[in-house]
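Order of the sequence lines fixes the chain letters, A, B, ..., with proteins taken first and strands second; residue numbering starts at 1 for each chain.
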There are 2 protein chains.
Amino acid sequence: MTLAQSIQAAISQVVGTGPVVLHEPRFAGNEWAYLKECLDSTFVSSVGKFVDRFEIDLAAYTGAKHAVAVVNGTAALHVALRLGGVQPGDEVLIPALTFVATANAVVYGGATPHFVDSEECTLGLDPRALREYLQGITDIDQKQCVNRATGRVIRALVPMHTFGHPVDIEGTLAVARDFHLTLVEDAAESLGSTFHGRHTGTFGLMGTLSFNGNKTITTGGGGAILINDTELAKHAKHLTTTAKVSHRWEYLHDEIGYNYRLPNINAALGCAQLEQLPDFLAAKRRIFERYQAAFVGVPQVRLIAEPEGCHSNYWLQTVLLDESAAGERDAILATTNGAGFMTRPAWTLLHRLAPYHACPKMELPVAESLERRLINLPSSAHLGMEGAR
Amino acid sequence: MTLAQSIQAAISQVVGTGPVVLHEPRFAGNEWAYLKECLDSTFVSSVGKFVDRFEIDLAAYTGAKHAVAVVNGTAALHVALRLGGVQPGDEVLIPALTFVATANAVVYGGATPHFVDSEECTLGLDPRALREYLQGITDIDQKQCVNRATGRVIRALVPMHTFGHPVDIEGTLAVARDFHLTLVEDAAESLGSTFHGRHTGTFGLMGTLSFNGNKTITTGGGGAILINDTELAKHAKHLTTTAKVSHRWEYLHDEIGYNYRLPNINAALGCAQLEQLPDFLAAKRRIFERYQAAFVGVPQVRLIAEPEGCHSNYWLQTVLLDESAAGERDAILATTNGAGFMTRPAWTLLHRLAPYHACPKMELPVAESLERRLINLPSSAHLGMEGAR
């Protein structure tokens, strides 16, 4: 048996026969009832009780003081960076190993992404390597971190909790503090993941969530900003609702705002999905355990487990090939996808994409190694539900 | 009877007893069936058959060669301007009398709005006044229209079809041609409105629609770009779906894109709503006729009718006070809203808003007069359905 065939057999042991997609949502709760309530009330759009309830439920679940629901995770990050003081011409530190939306959100505000390496134990930003790098290339000037090579202020730091595995947020917070950087957590993938018992996305000044169709819970399209500061939360709500000043009939907008409201109909879906999140998380943990058993004895492959002290949502199950087997990655992807088991590699590292070629970056040996070796496996919650194979 | 009381009585004659909102959607078709189909298929998010169908149905209805569904009307305009060649540092001509989103979309691309006056017969951009103004303040240099005062290129022109009434699009097209301006139509309010038989939004290089909850048909939140050029339509789809290059598993993005996809669940709502559009339009025309009858004999007030040669969707019914009665506008708003009939004035002219104070503008005598005198009346389709009072 080739390595590709062994991996295909291990996947099949967990998910049965294909075709099986990478991640699909499950609607087994009150989705129906809440959507009907929306239609019957005619409140499907920007105002409605499900938007308010979804925000309250998200805050309660994550332990954030406030949650502001928005149209998607990219919008959440765009607004969070603006509220975090990022200005045109600034630089923002983000991992090279992340979905392109993290970088796009930086660019929307006129700033430049600056790419950071990852560490293998979390798949996320490496705070030790980053600290050493910043010590070498920056000066602190009037409590601002200045990139000596570009002359630009490095204003913010955006760690991302990769595939739901919490980054070393304590180490990252220390770097942010020491270098006067605003910390915004990209928690798009990590709803349900905690670091030493505290929910991801609640450590930074703000954290952002995504409820895209491929996420642990979905609103069709949607996102949220988690915020502990009440004034900041009010400002986030204002900016995401066209910055309209409240008035009985006048139309006054006091700054450049966005049409980033989450429609009530999408929030209704979110409320129903959030009720099922504990079941989804249990199922996803069960899938991890089954993959763990199935991959015993498959050589040159390691299943990624949650970092120490962390509780991961296991959003996307992930294997890492040994460096010696990295050359077989594409054969493995072809074999498994060919057999109907959807697998995929890591995102292409962002500094390799045409629009981001010219951005500043540190050496990225770990991210480059992860890129060569990483494969995501089918991970839908229903695969781990009781009764499922 | 005061003027305010007369107006209240006329409204009541059409809509019965309050409370009546300005505009609410009506779900009396296949909304339910299509939403259920979405949930049952689990395709609620960015890919799904309703997105494709909604785009095909919109193109068929409007006569545009292509329609690209997006997350809202603001996003549609943002992308249309970028595709229309608007670059950071450019100026874009837009009416001062429009919703703030028209200006925001210009700013998102790094350009500056330049405000244009309206004409009373359409409530939209006045092409004759604009031509005279541009003749005075611009030079044509290498087929570019340069604002002599600011030195910036005026790149595009965005007329808006106010409350569904078509602007003088022929006159506007002639100005665009003569001054080398890209014309993008903001047709957010005018789905169902035609100019000499041709649908609004299909005259310019692109046109943009909105399906916000207050519009003639709604998707919760949503919008679309109407495009006759096939290459441009492909590019619009690419840009609005994170500019991802199609590949079986690789994640490659070849330019800075946006997460502006319309979720399938919102498109499902749109498909059902679009089926009912002819009924909604008939109902809204009936409401206009009833208001016309009700306002006979009310002094100092004129109900706005569709411009000559045009067919308006009558999205929002509108009265104009005589200049002599403009001082009573706020009393009328207070009286009618106090009685439970939701009315509202025109948007505050954009050059009065703090973020747009410093933008260039022509003299705006007509827009200023309309701002003082204009009042929107309750206009929901269900008010004009057979059987409704």
Side-chain angles (χ1 to χ4, degrees), chain A residues 24-27 31-32 35-36 39-40 42-47 71-75 99-101 104 107-108 110 212-214 218-222 242-244 248-259 261-266 269 333 337 342-348 353-355, chain B residues 24-27 31-32 35-36 38-40 42-47 71-75 99-101 104 107-108 110 212-214 218-222 242-244 248-259 261-266 269 333 337 343-348 353-355:
Chain A
E24 65 187 342
R26 178 182 167 88
F27 303 110
E31 287 84 359
W32 242 166
L35 284 182
K36 180 145 173 50
L39 283 189
D40 290 348
T42 80
F43 282 99
V44 297
S45 191
S46 49
V47 175
V71 80
N72 56 53
T74 313
F99 181 56
V100 72
N104 287 346
V107 170
Y108 299 158
N212 191 21
N214 64 345
T218 188
T219 59
T242 75
K244 186 174 180 301
R248 208 162 156 203
W249 56 63
E250 291 281 359
Y251 275 71
L252 285 169
H253 308 260
D254 59 0
E255 53 186 323
I256 308 281
Y258 308 98
N259 184 354
R261 293 169 287 209
L262 183 70
N264 198 46
I265 190 170
N266 301 85
L269 209 53
L333 291 166
N337 280 286
M342 189 174 164
T343 59
R344 68 167 205 203
W347 309 282
T348 301
L353 300 181
Chain B
E24 66 187 342
R26 178 182 166 89
F27 304 111
E31 286 84 358
W32 207 209
L35 284 182
K36 177 146 173 52
C38 260
L39 282 189
D40 290 348
T42 79
F43 282 99
V44 297
S45 191
S46 48
V47 177
V71 80
N72 56 53
T74 313
F99 181 55
V100 72
N104 288 346
V107 170
Y108 299 158
N212 191 19
N214 65 344
T218 188
T219 58
T242 74
K244 186 174 179 302
R248 206 161 157 205
W249 56 63
E250 290 282 358
Y251 275 70
L252 285 169
H253 307 260
D254 60 359
E255 53 186 323
I256 308 280
Y258 308 98
N259 185 354
R261 293 169 287 208
L262 183 70
N264 199 45
I265 191 170
N266 301 85
L269 209 54
L333 290 167
N337 280 287
T343 59
R344 68 166 205 204
W347 308 284
T348 301
L353 300 181

**Study point:** By ring-ring contact (aromatic ring centres under 6.0 Å, His included) - contacts of A:Phe27 (at least two apart)
**Key:**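 By the ring-ring contact (aromatic ring centres under 6.0 Å, His included) rule, A:Phe27 matches no residue at all.
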Check your understanding: Quick check: does any side chain N or O of A:Thr242 sit under 3.5 Å from a backbone N or O of A:Tyr258, one acting as donor and the other as acceptor?
Key ->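 No; judged by distance alone, with no hydrogens or angles, the pair does not exist.
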Review point. Within the side chain of A:Asn266, is there an N or O that forms a donor-acceptor pair under 3.5 Å with the backbone of A:Gly220?
Key: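 Absent.
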Check your understanding: What residues, two or more places apart in sequence or in another chain, satisfy side-chain contact (heavy atoms from CB on, under 4.5 Å) together with B:Asn214?
Key ->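 In terms of side-chain contact (heavy atoms from CB on, under 4.5 Å), with neighbours along the sequence ignored, B:Asn214 is linked to B:Asn212, B:Trp315.
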Looking at [options], which makes the most heavy-atom pairs under 4.5 Å with chain B?
options: A:Leu35, A:Leu333, A:Thr343; answer: A:Leu333
options: A:Lys36, A:Glu250, A:Glu24, A:Glu255; answer: A:Lys36
options: A:Val100, A:Thr218, A:Ile265; answer: A:Val100
options: A:Gly257, A:Gly221, A:Ala354, A:Ala75; answer: A:Gly257
options: A:Asn104, A:Thr74, A:Asn264; answer: A:Asn104

Check your understanding: Out of B:Val71, B:Leu252, B:Leu262, which one racks up the most heavy-atom pairs below 4.5 Å with chain A?
Key ->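 Result: the option with the highest number of such pairs is B:Leu252.
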Review point. For A:Asp40, is it the side chain, the backbone, both, or neither that has a heavy atom closer than 4.5 Å to a heavy atom of chain B?
Key: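 A:Asp40 has no heavy atom closer than 4.5 Å to chain B.
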**Study point:** Contacting region of A:Leu269 [heavy-atom separation from chain B under 4.5 Å]
**Key:**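 Only the side chain of A:Leu269 comes within 4.5 Å of chain B.
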Exercise for review: Please examine the side chains of B:Trp249 and A:Pro345, heavy atoms only from C-beta on, and report whether any two atoms are closer than 4.5 Å.
Suggested key: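 Answer yes - side chains close enough.
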**Study point:** Beyond-backbone contact of B:Asn337 with A:Arg248, side-chain heavy atoms, under 4.5 angstrom
**Key:**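 B:Asn337 vs A:Arg248: side chains touch.
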Exercise for review: Mind telling me whether B:Phe99 and A:His253 have parallel, tilted or perpendicular rings, with 30° and 60° as the class edges?
Suggested key: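 A:His253 and B:Phe99: perpendicular rings.
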By a 4.5 Å heavy-atom criterion (distance strictly below it), what part of [X] contacts chain A: side chain, backbone, both, or neither?
X: B:Tyr108; value: side chain
X: B:Arg261; value: side chain
X: B:Asp254; value: backbone

